[in-house]
Structure formats: C-alpha cells, structure tokens
Amino acid sequence: MTHFLDIHTTSPEDLRGIIDQAGAMKQARKDRPKGAPDDDQPLKGRMVALIFEKPSTRTRVSFDVGVRQMGGETMVLSGADMQLGHGETIADTARVMSRYVDLIMIRTFEEQTLLEMAEHATVPVINGLTNRTHPCQIMADVMTFEEHRGPIAGKKVVWSGDGNNVFASFAHAAGQFGFDLTFTGPETLDPEKTWLDWAAAKGRPVTIDRNPERAVAGADLVVTDTWVSMHDPQSARERRHNQLRPYQVNEALMAHAKPDALFMHCLPAHRDDEATSAVMDGPHSVIFDEAENRLHAQKAVMRYCLGV
Ligand code: CP
Ligand code: NVA
C-alpha cells in the first residue's frame with residue numbers, strides 16, 4: 001500500500017518522481033487543443049473519497065478537479081456528517097470506506113486520525129492537512145519554486161511567522177530536497193522540536209534567527225502563513241497577533257531578500273496581517289501559481305499512490 005502521509009516519510013526519489021510527473025502533466029494539459037479531454041485517463045473507473053473535518057477551498061477543489069481530469073470520480077464528505085463524527089471508530093470507518101472507494105484523502109485535526117485511517121484502510125490514504133503537517137502544499141510549493149528558479153537544492157528559504165503545520169512540511173522538504181531553511185518568529189511559536197531534530201539529523205539543520213531582517217538576508221524564497229491556524233483556539237488570536245506582528249512580510253522586509261526572491265503563502269491569507277497586499281500582489285509573489293500547482297502536484301500524488 002502506497003500512502004502519501006508526509007514528506008519525511010516518502011523517499012526523496014519518490015518525491016522527485018512526483019514533482020517530475022506533475023510538471024509533465026501540467027505541460028501536456030497546456031499543449032492539448034483548448035477544451036479537448038486529457039489523453040491520459042489513469043483514474044478511469046476509480047472512485048476517490050475526499051473527507052474534510054476542517055474547511056477548505058484549494059484542497060477540496062484541486063483534488064476534485066484533479067480526479068475528474070484523470071477520468072475518475074469523487075465524493076466529498078464532511079467529517080461532521082459521517083458516523084466518524086458520531087463515535088464510529090476511525091479503524092471501522094477506514095475498513096468500510098475501503099470496500100467502496102479506491103483512494104481516500106483526509107483533512108483532519110489530530111495526526112493520529114490520519115495514521116489510524118492509513119493503518120486500517122486497504123486503499124491508499126493521502127494527508128490533506130493535519131494540525132501537524134501539510135505535505136501536499138509543500139509539494140506544490142517546491143514545484144512552483146523550481147518552475148520559476150530551477151532546482152531548489154542549495155537555495156535559502158526563509159519562513160517568517162508561526163512555526164505551524166505548513167512550516168513543518170517545509171522542514172521535511174528541506175531534508176528531502178536539500179535546501180537551507182531559516183525560521184524567524186517569536187520563541188513562543190517555535191516549530192515542533194521533533195521536526196527541527198528531524199531536519200538536523202538529515203543534515204539540514206533549521207537556522208533560527210529572531211531578527212526578521214537578518215533572517216531574510218540573501219533569501220531566495222520568503223514564506224509565511226496565517227497567524228491563527230484552523231486548530232488554534234480563537235482565544236489565542238490577540239496574543240498571537242501581538243507576538244507575530246514584527247514578522248509581517250512587507251516590502252521593507254522583502255528588500256532584505258535577494259532582488260529576485262520569490263514570495264509564497266499557501267493561502268487563505270489575511271491581507272495586511274501576515275503579509276501586506278503590496279507583497280502579495282507585488283513582483284516577488286507567486287501565490288496563485290502555488291495554488292494552481294496544488295492541482296498538478298496532487299494529480300501526481302494520486303497516480304503515485306495508485307501506481308497508475
Ligand atoms: N492552502 C490550502 O490548503 O488551502 P485550503 O485550506 O483552502 O484547502
Ligand atoms: N496553517 C493553516 C494552513 C491552512 C491551509 C491552518 O492549518 O489553518
């Protein structure tokens with residue numbers, strides 16, 4: 001069974017294969033006559049379940065469209081409407097779903113839910129975000145960087161803000177794709193030590209610098225994300241905003257990066273909180289390419305999982 005649970009649990013060779021296939025499929029789609037169906041229908045006759053226990057725009061739409069472009073069918077399920085949300089065990093849900101569908105994508109809160117789903121399902125399971133990681137996003141981000149600037153290996157990537165789930169997958173990618181990663185943010189919102197230790201053991205220790213201007217110096221890529229994630233309590237909102245305000249990505253901060261540095265944000269963004277509109281809509285920004293590449297990268301992830 002080939003699941004796609006995280007970047008650090010997928011081999012660098014497989015990750016590279018996924019990125020390459022995503023690029024090839026994107027190009028093939030561009031090259032076909034407008035409106036013509038894709039030649040390649042590797043998911044024909046397959047049913048994909050998309051389970052959401054949290055809101056989503058990009059993940060939901062890009063997976064749904066991606067499956068259809070490859071000739072398959074989808075069902076989008078809200079966790080709250082399933083028995084999963086009313087006491088049926090994850091293991092039983094996984095066993096039952098496996099009798100109906102060929103692939104399961106799940107966005108959930110606890111990582112344990114994803115892991116139990118993968119342990120008990122007899123079909124592949126894809127991580128569509130948990131409180132701890134967001135691997136599909138970072139596959140799209142690596143693809144986007146390389147489209148614009150060539151190989152990401154050896155480049156300097158700087159994360160400014162909350163050491164959250166999206167950062168965690170960047171730390172994994174630093175180890176697997178071989179780039180330098182710097183974190184700048186308040187100590188209270190540092191990334192999980194487990195992930196920092198993992199990257200260090202891979203020979204890519206994450207640099208931590210509390211001074212955002214110094215951290216961003218010479219960056220090839222500057223990244224940020226929301227200051228309050230979906231799993232964070234709303235009661236923490238004001239405290240987080242106060243702590244993270246010095247780490248806002250604005251034009252003054254971007255001026256410390258390389259002149260041709262890229263800016264990324266997985267979206268949804270809170271404009272003029274974690275990043276200013278001037279940066280989001282400015283010359284460094286590739287945020288909408290990132291969003292588009294969710295589609296291409298996840299199509300390749302699904303083919304990898306199904307071996308088609
Ligand atoms: N970036 C991302 O995963 O967006 P959604 O929450 O809209 O899926
Ligand atoms: N860190 C954010 C990412 C959303 C795509 C969250 O978990 O809410």
Side-chain angles (χ1 to χ4, degrees), residues 4-7 22 48-67 74 76-80 104-114 126-145 159-173 183 185-186 188-192 195 221-237 240-241 243-244 247-249 263-271 273-275 280 285-299 301-302:
F4 185 73
L5 300 181
D6 268 312
I7 288 181
V48 179
L50 306 172
I51 304 175
F52 289 92
E53 296 199 293
K54 288 174 176 169
S56 168
T57 296
R58 278 143 290 269
T59 306
R60 178 182 169 149
V61 178
S62 58
F63 265 104
D64 200 340
V65 169
V67 172
T74 60
V76 181
L77 302 156
S78 139
I104 298 169
M105 190 290 310
I106 180 164
R107 165 170 287 192
T108 186
F109 287 87
E110 299 306 325
E111 181 182 57
Q112 195 52 32
T113 304
L114 169 81
I126 296 174
N127 177 358
L129 178 146
T130 71
N131 295 358
R132 289 189 88 193
T133 62
H134 195 4
C136 289
Q137 179 67 50
I138 277 49
M139 293 301 281
D141 292 358
V142 169
M143 178 181 177
T144 305
F145 183 90
W159 178 280
S160 185
D162 182 19
N164 66 13
N165 47 359
V166 179
F167 173 85
S169 289
F170 259 109
H172 297 153
F183 171 82
T188 43
L189 298 172
D190 265 351
E192 275 190 54
W195 302 144
L221 168 62
V222 178
V223 195
T224 191
D225 185 16
T226 180
W227 288 343
V228 186
S229 283
M230 292 182 273
H231 60 274
D232 290 321
Q234 275 305 314
S235 57
R237 189 177 177 280
R240 286 176 152 271
H241 274 236
Q243 291 176 337
L244 286 160
Y247 298 93
Q248 181 192 66
V249 181
F263 168 73
M264 289 191 190
H265 187 311
C266 66
L267 306 178
H270 302 79
R271 283 176 175 259
D273 283 343
E274 67 267 16
M280 291 180 63
S285 178
V286 289
I287 57 177
F288 299 112
D289 290 343
E290 270 184 279
E292 175 183 341
N293 283 337
R294 293 292 303 279
L295 168 67
H296 308 296
Q298 289 158 190
K299 284 168 75 177
V301 166
M302 289 188 275

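Both ligands and their constituent atoms are indexed starting at 1 by order of listing. Hydrogens, waters and symmetry mates play no part in the numbers below; they use all other heavy atoms, side chains included.
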query: So, E274 versus T224: side-chain donor-acceptor pair below 3.5 Å or not?
result: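 No, because no side-chain N or O of E274 sits under 3.5 Å from a partner of the opposite role on T224.
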
message: What I want to check is whether the side chains of T74 and D64 have a donor and an acceptor closer together than 3.5 Å.
response: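 Distance-only check passes for T74 and D64.
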
message: Need the ligand 2 atom indices (1-based, order shown) with element for anything under 4.0 Å from a heavy-atom of D225.
response: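 Every atom of ligand 2 under 4.0 Å from some heavy atom of D225: 1 (N), 2 (C), 3 (C).
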
Supply the atom-to-atom distance [X] [atom1] to [Y] [atom2], rounded to the nearest 0.5 angstrom.
X: F170; Y: N164; atom1: CZ; atom2: CG; value: 11.0 Å
X: F52; Y: S78; atom1: CZ; atom2: OG; value: 10.5 Å
X: F145; Y: D289; atom1: CZ; atom2: CG; value: 13.5 Å
X: M105; Y: R60; atom1: CE; atom2: CZ; value: 10.0 Å
X: D6; Y: T133; atom1: CG; atom2: OG1; value: 3.5 Å

task: Could you tell me whether S229 and ligand 2 have an N or O pair separated by under 3.5 Å?
output: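 By distance alone, the answer is yes.
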
query: Considering only protein heavy atoms, which is closest to atom 8 (O) of ligand 2, and at what distance to one decimal place?
result: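 Protein heavy atom with the smallest distance to atom 8 (O) of ligand 2: M230 N, 2.8 Å.
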
message: Starting from atom 7 (O) of ligand 2, what is the nearest protein heavy atom, named by residue and atom, and what distance separates them?
response: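 Protein heavy atom at minimum distance: N165 ND2, 2.8 Å.
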
task: List the steps and the verdict of side chain to side chain donor-acceptor pair (under 3.5 Å) for S169 and Q137.
output: CA-CA 8 Å; S169 289; Q137 179 67 50; over 6 Å; no

List below, pair by pair, the N or O atoms of ligand 1 and of the protein that are less than 3.5 Å apart, including the distance to 0.1 Å; reply 'none' if no pair qualifies.
{"unit_1": "ligand 1", "atom_1": "1 (N)", "unit_2": "Q137", "atom_2": "OE1", "d": "3.0"}
{"unit_1": "ligand 1", "atom_1": "1 (N)", "unit_2": "C266", "atom_2": "O", "d": "3.0"}
{"unit_1": "ligand 1", "atom_1": "1 (N)", "unit_2": "L267", "atom_2": "O", "d": "2.8"}
{"unit_1": "ligand 1", "atom_1": "1 (N)", "unit_2": "R294", "atom_2": "NH1", "d": "3.3"}
{"unit_1": "ligand 1", "atom_1": "3 (O)", "unit_2": "T59", "atom_2": "OG1", "d": "3.1"}
{"unit_1": "ligand 1", "atom_1": "3 (O)", "unit_2": "R107", "atom_2": "NH2", "d": "2.9"}
{"unit_1": "ligand 1", "atom_1": "3 (O)", "unit_2": "H134", "atom_2": "NE2", "d": "2.8"}
{"unit_1": "ligand 1", "atom_1": "3 (O)", "unit_2": "R294", "atom_2": "NH1", "d": "3.0"}
{"unit_1": "ligand 1", "atom_1": "4 (O)", "unit_2": "R58", "atom_2": "NE", "d": "2.8"}
{"unit_1": "ligand 1", "atom_1": "4 (O)", "unit_2": "L267", "atom_2": "O", "d": "3.4"}
{"unit_1": "ligand 1", "atom_1": "6 (O)", "unit_2": "R107", "atom_2": "NH1", "d": "2.8"}
{"unit_1": "ligand 1", "atom_1": "7 (O)", "unit_2": "T57", "atom_2": "N", "d": "2.7"}
{"unit_1": "ligand 1", "atom_1": "7 (O)", "unit_2": "R58", "atom_2": "N", "d": "2.9"}
{"unit_1": "ligand 1", "atom_1": "7 (O)", "unit_2": "R58", "atom_2": "NE", "d": "3.1"}
{"unit_1": "ligand 1", "atom_1": "7 (O)", "unit_2": "R58", "atom_2": "NH2", "d": "3.0"}
{"unit_1": "ligand 1", "atom_1": "8 (O)", "unit_2": "S56", "atom_2": "OG", "d": "2.6"}
{"unit_1": "ligand 1", "atom_1": "8 (O)", "unit_2": "R58", "atom_2": "N", "d": "3.4"}
{"unit_1": "ligand 1", "atom_1": "8 (O)", "unit_2": "T59", "atom_2": "N", "d": "2.8"}
{"unit_1": "ligand 1", "atom_1": "8 (O)", "unit_2": "T59", "atom_2": "OG1", "d": "2.7"}
{"unit_1": "ligand 1", "atom_1": "8 (O)", "unit_2": "R107", "atom_2": "NH1", "d": "3.4"}
{"unit_1": "ligand 1", "atom_1": "8 (O)", "unit_2": "R107", "atom_2": "NH2", "d": "3.2"}

